[in-house]
Undergrad: 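Just dropping this structure here.
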Amino acid sequence: MPVRRNGRKPRVAVFKFASCDGCQLSLLDAEEELLAVADAIDIAFFPEASRRMLKGPYDIGIVEGSITTPHDVEHIREIRKSCGALITIGACATAGGIQALRNWKDIKEFVRIVYASPEHISTLDRSLPIGSFVHVDFELRGCPINKYELIEVINAFLHKRKPNVHTHSVCIDCKLKGNVCVMVAHGTPCLGPVTQSGCGAICPSFDRGCYGCYGPMESPNTPVLARQFSELGETQHDISLAFRGFNAYAEAFRRESEAHEK
Amino acid sequence: MNRTSKLEANNLQQLFTALQDKGYVTVGPTLRDEAIVYDRIGSANELPVGWSDEQSPANYRLTKRSDDSYFGFNATPQSWKKFLYPPLRKLFTMRRDGKSLELSNESDANIKYAFVGVRPCELSAILIQDKVFQSGEYRDDAYSAARRDLFIVAVNCTTAGGTCFCSSMKTGPEAQKDFDISLTEVFRDGAHFFVVKIGSELGASIMELVETGAASAEEIETTDAMLRQTESQMNKTMETDGLPRLLAENLEHPHWEDVAKRCLTCGNCTMVCPTCFCSTVEDITDLSGQNAERLRRWDSCFTVDFSKVAGGNFRISTKSRYRQWLTHKLSSWVEQFGVSGCVGCGRCITWCPVGIDLTAEVQAIRGAETQQRKGD
Ligand code: SF4
Ligand code: SF4
Ligand code: SF4
Ligand code: SF4
């Protein structure tokens, strides 16, 4: 039986920080499973989907987005207190997201250029993952996340079992699918060997190299892959950019992209 | 029936038709995604006519041949393993019914396969997996069922691929036994034909449905010469003398650190290896908690989860993971199954994204060891 507290369904809240909404919407996108999800949990707070906004505490908090302002910091601390388990979803919440590209720039200069009255803007100098501020029980990677993995994580929490979410390379998924390796057979640079599984090897299945949307895998040897990229004819700049995508600020990718910066 | 005969290339389709008439699903090499892969094919036309491949560490390219050969290429990206031992398999489903549990074994209807184009090294690999899955305490019934119904058309290698070393492993370039029929493709004085050898009664009964003629002594001699030439073309070698012991005695050799620096722990080598057999099981529940199923999924000793046990992980470093792979293949496998776990197909070399070459790694350990001995 799924976990029930005092005979009621677990209460779930979905929160958003700096992000594009894509990840939380994948919950709504899971049409076929949605009824079963709604049957198993009580969605108490999900502003993107419903006007119903029940106050905490919640059994599970699902958080999308990165922390970019002082206000965010306070808010995520409150959320942490009100949630039994905290699950972060997507590259923004788990690595700082594409907006973390600004971590390499001077944010004050951006603010000056973009806003008419910069003095009203209060922002942190970096975009950081939720885990940099509060304890996170489970990080679900991806840009965007895979909706089946999200349901699997909720499902596993409900039944108190380990989620079947893998931390090995994308290559293993590629081989399970019977794909021909695009790097070996076509000479296309591919981040698959250093990227975590989760998408089902979508890009290599369509003749593309992996873009690293799921962030670094469990034991990423990025310098060796970078050397291979350069043998395939990529410039230092290309290599730096390859690691500076949606998960640019994840430690292993950040280090590698910086190593190839001029 | 004559055990050796000659099949004109134009009549190869008859073999497909005969097999299909006997209820076989024919699987063979075909072009896909700029490579030659094994897939279900219906006819001889779907074979990679006139295509070959160029292989080196971390590199595979299709190339055009100057003739219309059907089997003028070498090891494919993946082996036949994926048919006999599928990457994902449902083991059972479970339903909760009130207070009782209802268990049903998943026995997918067995497919009767005919593999057309099994290379000698691959045939050896199938025999190795037979030992793994069909002997000892734990047997795999689904594997046995698929294997029992399998028809094997072996094809001898008339060219050696860039990463092959079957002659070192004594598995090729000619299949000696354990096939139903074997073919050697020949171009001679403008003629294009196969020399056919029959390896089983079943093979003989299929060949009765195919138009063949007698192979002359010279024609047979031609195939022998071609196979000898393949052997001499072999790009790679691996010295196997005393190898199991050499590796077992060098578990702390500094070279393991060296290869660890180059290895991505991506797992490609184990996935493409025709003998690697490791899997994991995963339990899945539905949201209601009323239904569950157990899946089996290929796993690799390069994943972190592989060596996770209660209390910790006994194989965290890349060094220990690479060492597990190489020593299992070439050393402890012999203790376990009485044969080497490597048949010399070269796949792990070609498909390693950074071209780590086990023959070179073995040589490095062996070389350093010999030098050390000399220095003593
Ligand atoms: S295509 Fe990319 S992800 Fe797939 S096996 Fe090759 S390197 Fe790995
Ligand atoms: S270890 Fe490598 S060369 Fe040997 S059988 Fe496996 S894939 Fe082929
Ligand atoms: S080398 Fe690794 S994956 Fe292959 S059979 Fe041995 S332990 Fe399993
Ligand atoms: S040896 Fe090559 S294929 Fe195997 S895990 Fe290491 S990098 Fe991947």
Side-chain angles (χ1 to χ4, degrees), chain A residues 1-3 33 35-41 151-152 154-156 158-164 166-187 189-190 192-195 197 204-207 217-225 227-229 231-232, chain B residues 32-39 53 55-62 76-78 82 86-88 96 260-272 280 282-290 292 295 297-300 302-306 316-318 321 350-356:
Chain A
M1 269 292 145
V3 189
E33 296 79 10
L35 279 179
V37 173
D39 228 25
I41 59 178
I151 293 169
E152 168 61 14
I154 295 175
N155 193 337
L158 291 178
H159 297 101
K160 292 196 182 288
R161 65 171 171 83
K162 176 172 161 272
N164 293 307
H166 308 110
T167 54
H168 57 58
S169 67
V170 174
C171 298
I172 290 195
D173 293 338
C174 233
K175 291 295 186 276
L176 293 180
K177 278 179 104 172
N179 285 350
V180 172
C181 175
V182 301
M183 192 144 68
V184 170
H186 310 162
C190 177
V194 296
T195 299
S197 150
S205 307
F206 289 94
D207 234 7
M217 52 83 95
E218 56 197 13
S219 47
N221 192 347
T222 52
V224 171
L225 188 66
R227 202 183 315 142
Q228 189 66 14
F229 276 21
E231 286 194 10
L232 293 173
Chain B
R32 200 191 75 206
D33 299 332
E34 295 171 56
I36 298 168
V37 304
Y38 295 143
D39 215 333
D53 53 63
Q55 301 191 34
S56 58
N59 188 55
Y60 176 103
R61 288 294 180 278
L62 273 186
T76 49
Q78 291 200 42
K82 62 181 179 185
L88 270 177
R96 192 205 301 269
K261 290 204 188 88
R262 289 175 277 127
C263 173
L264 295 160
T265 59
C266 61
N268 274 300
C269 46
T270 57
M271 295 285 127
V272 298
T280 180
E282 285 175 357
D283 292 340
I284 296 178
T285 48
D286 70 356
L287 281 158
S288 73
Q290 297 303 301
L295 296 177
R297 185 180 195 271
W298 283 359
D299 200 2
S300 163
F302 281 96
T303 71
V304 169
D305 270 356
F306 188 89
I316 276 291
S317 70
T318 301
R321 288 190 254 167
T350 300
W351 299 99
C352 168
V354 289
I356 293 177

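Within every chain, numbering begins at 1; the chains are lettered A, B, ... in the order of the sequence lines, protein sequences first and strands thereafter.
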Undergrad: Select one option (side chain, backbone, both, neither) describing which atoms of B:Gln78 are under 4.5 Å from chain A's heavy atoms.
TA: side chain

Undergrad: Look at B:Asp39, B:Asp286, B:Thr350 and state which one has the largest set of heavy-atom pairs under 4.5 Å with chain A.
TA: B:Asp286

Undergrad: Tell me, out of A:Ala185, A:Ala36, A:Cys171, A:Ala156, who's got the most heavy-atom pairs with chain B below 4.5 Å.
TA: A:Ala185

Undergrad: Given side chains that start at C-beta, do those of B:Thr265 and A:Met217 come closer than 4.5 Å, heavy atoms only?
TA: yes

Undergrad: Go through the atoms of A:Val182 and report whether side chain, backbone, both or neither lie under 4.5 Å from a heavy atom of chain B.
TA: neither

Undergrad: For residues A:Leu176 and B:Met271, report the shortest heavy-atom separation together with the two atoms involved.
TA: CD2-SD, 4.4 Å

Undergrad: Give the member of B:Arg297, B:Lys261, B:Arg321, B:Gln55 that has the highest number of heavy-atom pairs under 4.5 Å with chain A.
TA: B:Arg297

Undergrad: Going from CG on B:Leu264 to OG on A:Ser219, what distance comes out if it is rounded to the nearest 0.5 angstrom?
TA: 9.0 Å

Undergrad: Under the 3.5 angstrom rule, does the side chain of B:Arg61 hit a backbone N or O of A:Val184 as a donor-acceptor pair?
TA: yes

Undergrad: Starting at CG of B:Asn59, measure out to SG of A:Cys181 and round the result to the nearest 0.5 Å.
TA: 10.5 Å

Undergrad: From A:Gln228 CD over to B:Arg262 CZ, what is the distance, rounded to the nearest 0.5 angstrom?
TA: 12.5 Å

Undergrad: Report which part of B:Val37 has an atom under 4.5 Å of a heavy atom belonging to chain A: side chain, backbone, both, or neither.
TA: side chain

Undergrad: Pick one of side chain, backbone, both or neither for A:Lys162, based on which atoms fall under 4.5 Å of a heavy atom in chain B.
TA: side chain

Undergrad: If every non-hydrogen atom of A:Arg161 is compared with every non-hydrogen atom of B:Asp283, which pair is closest and at what distance?
TA: NH1-O, 3.6 Å

Undergrad: Among the options B:Val304, B:Thr318, B:Thr285, pick out the one with the most heavy-atom pairs lying under 4.5 Å from chain A.
TA: B:Thr285

Undergrad: How far does CG of B:Leu287 sit from CG of A:Asn155, to the nearest 0.5 angstrom?
TA: 4.5 Å

Undergrad: Between B:Ala35 and chain A, which part of the residue has a heavy atom less than 4.5 Å away: side chain, backbone, both or neither?
TA: side chain

Undergrad: Could you tell me which portion of B:Phe302 (side chain, backbone, both or neither) has an atom closer than 4.5 angstrom to a non-hydrogen atom of chain A?
TA: backbone

Undergrad: Please state whether the side chain, the backbone, both or neither of B:Leu295 comes within less than 4.5 Å of a heavy atom of chain A.
TA: neither

Undergrad: Could you report the tightest heavy-atom contact between A:Met183 and B:Pro353, atom names first, then the distance?
TA: CE-CB, 3.6 Å

Undergrad: Between atom SG of A:Cys174 and atom CH2 of B:Trp351, what is the distance when rounded to the nearest 0.5 Å?
TA: 10.5 Å

Undergrad: Please classify the contact of B:Ala292 with chain A as side chain, backbone, both or neither, using a heavy-atom distance under 4.5 Å.
TA: neither

Undergrad: Can you find a pair of side-chain heavy atoms, one from B:Val272 and one from A:Lys175, that are under 4.5 Å apart?
TA: yes

Undergrad: Please round to the nearest 0.5 Å and tell me the distance separating atom SG of B:Cys266 and atom CG of A:Asn221.
TA: 10.0 Å

Undergrad: Are the side chains of B:Asp305 and A:His168 in touch, meaning some heavy atoms are under 4.5 Å apart?
TA: no

